[in-house]
Amino acid sequence: LTLSVTLPKSADAARVKDIAQLAGYSDMAIVGFGIVTGLDGTGDSQAVQVTDQALGAMLERLGRQVSPQALRTKNAALVMVSATFAPFATPGSRIDVTVSSVGDAKSLRGGSLVPTPLLGDDGQIYVTAAGQLAVSGFSASGAGSTVTKNLPTVGRVPDGGIVTQALARELDLNATPELTFVLHQADFTTAANMAAAIRAAGFTANAMDSRRVSVTVPQESREARIAALAQIESVGVKTDMAAKVVMNGRTGTVIMGASVRIGQVAIAHGGLEVEIASTNSVSQPGTFGRGGTARVRNAELKVAEAEGAVRLLQPTASLGELVTALNTLGVKPSDLIDILQAMRSAGALSAEIEVQ
């Protein structure tokens, strides 16, 4: 395992637009169920009866009366269509949509999404999605063998969603002279620094709590308010986030924040390796013998203890020094997770640990 980190040469301030967003200016997830057609026999099987029912209902809307029991096609698949709907999107604009299979389809490659309405959490239809799928994965099988790369049951339709109506709850820039910025990560120090930086830029701003900062903008005209908001978004803020280590035991991923510190600690790193090798042979009776052929299994067991070493890590003042110290140990991802948790239990790691 090799950990690496790139630290800025100086404490560059983050922009307001990178660490916060306007209250009421948030995206909305929209979703719908649709049908993908044109598949080369890789669609849903007959066991997924809801696909035949959906095809029958669609044909009925098109003026064709077809019984769902009469449909036996594997060239279609029932899918879930989802997208992220941003405020200020105007009718006629396009967005990307994601399509994923909900049945037992083997692949959506080469399929086309029939027009599908996408609904918001308020039950309103905001987007209609349709178009040719772009699938990065593939699946091939033959003679009992199957080869699959990535996920062939998930695809995207670039610009496949057409906005039919604007978001009704979007922020009205002319409704109030005070607007509220909401921090992505709650922190009292960062909120206070943000309010001070906005005041230094010539605006009235106050930190309401660890996440919200209230800002007063001019009301002369809508253009002036938008120009003021653009100026506020570009204001640099010195952030101060809590020290945190995020670990994923399934993938062996370890992410450490820049505020992580360690105290003086000694670490012994070693392990036990066990190897079992099996060899099979056949024992046959002699010529004209009465015995039978028998299989003989021989197992060879090897146990080796890896060399361990006790290393002394001095108190560090930066994340870069911590990463360098851990790299010298040459630990594996699973070992690194155990080492960091043990360091925190020993009081030598000053950070919050989150295990995913």
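No more than 12 heavy-atom neighbours from other residues, nucleotides or ligands sit within 6.0 angstrom of CD on Gln185.
The side-chain heavy atoms of Leu229 and Phe181, taken from C-beta on, include a pair separated by under 4.5 Å. Contact of the Leu113 side chain with the Leu133 side chain is registered, since non-hydrogen atoms from C-beta on lie closer than 4.5 Å. Residues Met28 and Asp121 form a side-chain contact, since some pair of their non-hydrogen atoms from C-beta on lies under 4.5 Å apart. Side-chain contact between Ser214 and Glu178 is present, with at least one heavy-atom pair separated by less than 4.5 Å. Using a 4.5 Å heavy-atom threshold, the side chains of Leu183 and Ile19 count as touching.
Judged by distance alone, the side chain of Arg211 and the main-chain N or O of His184 form a donor-acceptor pair under 3.5 Å. Not a single donor-acceptor pair under 3.5 Å links the side chain of Asp187 to the backbone N or O of Thr239.
Phe188 is linked by a side chain to side chain contact (heavy atoms under 4.5 Å, CB included) to Ser210, counting only residues two or more places apart in sequence or in another chain. With sequence neighbours excluded, the residues that form a salt bridge (charged side-chain N to carboxylate O under 4.0 Å, His left out) with Arg156 are Asp96. Under the rule for a ring pair (Phe, Tyr, Trp, His ring centres under 6.0 Å), Phe203 has no partner lying at least two apart in sequence or in another chain.
Separating the CD1 atom in Ile30 from the CG atom in Asp122 is a distance of 10.5 Å, to the nearest 0.5 Å. For the atom pair OG1 of Thr180 and CG of Leu22, the computed distance is 8.5 Å after rounding to the nearest 0.5 Å.
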